[in-house]
Participant: 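Here it is, the structure, as structure tokens.
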Amino acid sequence: MSVELWQQCVELLRDELPAQQFNTWIRPLQVEADGDELRVYAPNRFVLDWVNEKYLGRLLELLGERSEDVTPSVSLLIGSKRSSAPRAVQPASPALAVVQAAPAAVEEASAARTVDTQPVAPATVRTERSVQVEGGLKHTSYLNRAFTFENFVEGKSNQLARAAAWQVADNPKHGYNPLFLYGGVGLGKTHLMHAVGNHLLKKNPNAKVVYLHSERFVADMVKALQLNAINEFKRFYRSVDALLIDDIQFFAKKERSQEEFFHTFNALLEGGQQVILTSDRYPKEIEGLEERLKSRFGWGLTVAVEPPELETRVAILMKKAEQTKVELPHDAAFFIAQRIRSNVRELEGALKRVIAHSHFTNHPITIELIRESLKDLLALQDKLVSIDNIQRTVAEYYKIKIADLLSKRRSRSVARPRQVAMALSKELTNHSLPEIGDSFGGRDHTTVLHACRKIAELRETDADIREDYKNLLRTLTT
Ligand SMILES: Nc1ncnc2c1ncn2[C@@H]1O[C@H](COP(=O)(O)OP(=O)(O)OP(=O)(O)O)[C@@H](O)[C@H]1O
């Protein structure tokens, strides 16, 4: 059984899975051949368990179809192929059967899945910690006490990230180290990171939990160098119980900082201290970041935070209103959530404006009041999501002409993008089916309806369409 064959099957699986799932579970796997056997390494038990349960069967099926050996033998292990001694070895699987896990792996892996969704009571935590070190350097860690698990609304888009963060907070010894959260702006990465920090402090008020933005780490390091205090800098960062660094994409191209961070990071991992990192993209995609750092980030658990779906946006608005003791009718929350799709920060901003307007005018929150208070934002959004703009964006995305979208051509390369554009027009604008049909070269409303149904179906079954639709939605709404 060759490594190349495994890679081919991984590529085939990539076509079948949404990118987020592929990145989280399949990309971190490493593989090496050992005689006739393939040894596949997962960075931790969480990944091992998940791959074992969800994807190994399919991978073995693909391997079986492509191999002369009808019973491919694959071992799924925890560790890394460069390490000579994997931490938990599973027996080789002689057939397309479920690989048995070593008892410890089973125990921890299933514990990882048992996600405790009980809200955490608001913590009275020490939120500020200031440490003065020799040479005049002052390191301040500041945790936002409002960013707790209790205040975090769970939805499909952030479920996994929330579960992983909860595991780290409640049982840091699981070894999900580092926990790497990535995703677009304003989606709750910082919130989750602080939630872990707050929870760790709640459990142990003396814990040294240090949160900082990566730019701050760089600035501190530069200052330490200037003040000849780099040893204190090192000592400080290596003495923490948990180090939380936000937006590590800002390390890009800052070689000295990366070097320093690399050593700090290694020291912390070796000492069993928790590291949590966030970034706006998947670690391997951060340009200007050293390969060795990227590879180490993959040793722990890397999870994406996706933009929230409509239901979660509504739930977030209701929660924020409840926190500020403001009466927000459900239809009003729904209206805001439908119109503000980009990210949670924007959503919160819109709600704040509505609440301020309601206080100012002394009127209750109604859809009318929302229209009035968000007038400029909604107008801008209407412009952005006009059918014209959707057509332009879709044509650009698929590298076809707008005229093709409006034409009668039926070839797949044109017909599918046309259906995507129609479905987006239905989802993002308030135009009726006949109006949308008219805008697409005078088509009948039943054609538009068919397009919407077809795309909804393909988004379930076809990973490419799902990805295309998601990208286009993002482009059109941010
Ligand atoms: N699921 C959620 N439930 C409740 N509040 C949320 C949720 N997701 C995000 N928020 C809120 O949205 C705001 C932005 O979130 P946060 O700062 O964590 O985003 P981020 O992903 O770290 O973005 P950036 O990359 O720009 O730093 C915060 O006020 C946060 O509390």
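Just so it is clear, the structure is predicted and the values come from calculations on it, not from any experiment. Order of listing sets the numbers, starting from 1, for every ligand and every atom in it.
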Participant: Ignoring hydrogens and geometry, is there a side-chain-to-backbone donor-acceptor pair from Gln273 to Arg238 under 3.5 Å?
Facilitator: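 Yes, because the side chain of Gln273 sits within donor-acceptor range (under 3.5 Å) of the backbone of Arg238.
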Participant: State whether the side chain of Asp241 and the backbone N or O of Ala207 hold a donor-acceptor pair below 3.5 Å, judged by distance alone.
Facilitator: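 Pair absent, no side-chain N/O of Asp241 close to backbone of Ala207.
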Participant: Please confirm whether Gly186 comes within less than 3.5 Å of ligand 1 when only nitrogen or oxygen atoms on both sides are compared.
Facilitator: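 Yes.
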Participant: Could you tell me, atom by atom, which parts of ligand 1 come under 4.0 Å of a heavy atom of Ile316?
Facilitator: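 Close to Ile316: 1 (N), 2 (C), 3 (N).
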Participant: Within 45° of the axis and under 6.0 Å from the centre of the six-membered ring of Phe152, does NZ or CZ of Arg162 qualify?
Facilitator: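 The answer is no, since Arg162 fails at least one limit relative to Phe152.
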Participant: Would you check the N or O atoms of Leu187, main chain and side chain alike, for any that come under 3.5 Å of an N or O of ligand 1?
Facilitator: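 Such a contact does occur with ligand 1.
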Participant: For Phe233 together with Phe217, are the ring centres under 6.0 Å from each other?
Facilitator: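 Yes; Phe233 has its ring centre under 6.0 Å from that of Phe217.
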Participant: Which residue and non-hydrogen atom of the protein lie closest to atom 17 (O) of ligand 1, and at what distance in Å?
Facilitator: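 Answer for atom 17 (O) of ligand 1: Arg345 NH2, 3.1 Å.
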Participant: Taking all atoms of both residues into account, what is the closest heavy-atom pair of Ala161 and Ala304, and its distance?
Facilitator: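 Residues Ala161 and Ala304, closest heavy atoms: CB-O, 4.0 Å.
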Participant: Find all atoms of ligand 1 within a distance of less than 4.0 Å from any non-hydrogen atom belonging to Asn158, and give their numbers and elements.
Facilitator: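 Within the 4.0 Å cut-off of Asn158, ligand 1 contributes 1 (N).
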Participant: Determine, using ring centers only, whether Tyr142 and Tyr211 are less than 6.0 Å apart.
Facilitator: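 Ring centroids of Tyr211 and Tyr142 are no less than 6.0 Å from each other.
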Participant: Output a table of donor-acceptor pairs, distance under 3.5 Å, between side-chain atoms of residues 322-337 and any protein atom two or more places apart or on a different chain; print 'none' if there are none.
Facilitator:
unit_1 : atom_1 : unit_2 : atom_2 : d
Gln323 : NE2    : Asn151 : OD1    : 3.0
Thr324 : OG1    : Lys320 : O      : 2.7
Thr324 : OG1    : Ala321 : O      : 3.2

Participant: Parallel, tilted or perpendicular: which one describes the rings of Phe147 and His191, with boundaries at 30° and 60°?
Facilitator: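 Answer is parallel, since the angle falls under 30°.
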Participant: Pick, from Gly188, Gly349, Pro308, the option with the minimum heavy-atom distance to atom 16 (P) of ligand 1.
Facilitator: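 Selected option, by shortest heavy-atom distance: Gly188.
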Participant: Identify, for atom 30 (C) of ligand 1, the protein heavy atom at the shortest distance, and state residue, atom and that distance.
Facilitator: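 For this ligand atom, the closest protein heavy atom is His191 ND1, 3.4 Å.
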Participant: How does Lys320 reach ligand 1, if at all, at less than 4.0 Å between non-hydrogen atoms: by side chain, backbone, both, or neither?
Facilitator: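 Under 4.0 Å from ligand 1, Lys320 contributes side-chain atoms alone.
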Participant: Can Asp280 be said to touch ligand 1, with heavy atoms closer than 4.0 Å?
Facilitator: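 Asp280: no contact with ligand 1 (<4.0 Å).
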Participant: What part of Thr190 sits under 4.0 Å from ligand 1 if we count only heavy atoms: the side chain, the backbone, both or neither?
Facilitator: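 Both backbone and side chain.
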Participant: Tell me: protein heavy atom nearest atom 6 (C) of ligand 1, and distance?
Facilitator: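 Heavy-atom neighbour on the protein nearest atom 6 (C) of ligand 1: Val344 CG1, 3.5 Å.
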Participant: Have a look at Met193, Arg162, Glu346, Lys189 and point out the one with the heavy atom closest to atom 20 (P) of ligand 1.
Facilitator: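 Among Met193, Arg162, Glu346, Lys189, the closest heavy atom to atom 20 (P) of ligand 1 comes from Lys189.
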Participant: Counting heavy atoms only, which of Thr278, Val185, Val153, Asp246 is nearest atom 3 (N) of ligand 1?
Facilitator: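 Looking at heavy atoms only, Val153 sits closest to atom 3 (N) of ligand 1.
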Participant: At what distance is the nearest protein heavy atom to atom 7 (C) of ligand 1, and which residue and atom is it?
Facilitator: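 Its nearest protein heavy-atom neighbour is Phe152 CE1, 3.7 Å.
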Participant: Under 4.0 Å from a heavy atom of Asn151: which atoms of ligand 1 are those, numbered in the order shown and with their elements?
Facilitator: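 The list of qualifying atoms is 3 (N), 4 (C).
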Participant: What atoms in ligand 1 come closer than 4.0 Å to a heavy atom of Asp247?
Facilitator: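 It comes down to these atoms of ligand 1: 25 (O), 27 (O).
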Participant: Between Glu309 (side chain only) and Ser157 (backbone N and O only), is there a donor and an acceptor less than 3.5 Å apart?
Facilitator: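 Confirmed, Glu309 side chain pairs with Ser157 backbone.
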Participant: Got a sec, which residues hit side chain to side chain contact (heavy atoms under 4.5 Å, CB included) with Asp468, two or more places apart in sequence or on another chain?
Facilitator: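 By the side chain to side chain contact (heavy atoms under 4.5 Å, CB included) rule, Asp468 matches Tyr397, Tyr398.
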Participant: Once you restrict to heavy atoms under 4.0 Å, what part of Glu348 touches ligand 1? Side chain, backbone, both or neither.
Facilitator: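 Glu348 to ligand 1: side-chain contact only, backbone stays beyond 4.0 Å.
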Participant: Please check if the number of heavy atoms outside Arg453 that lie under 6.0 Å from its CZ is greater than 12.
Facilitator: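 Count not over threshold, so no.
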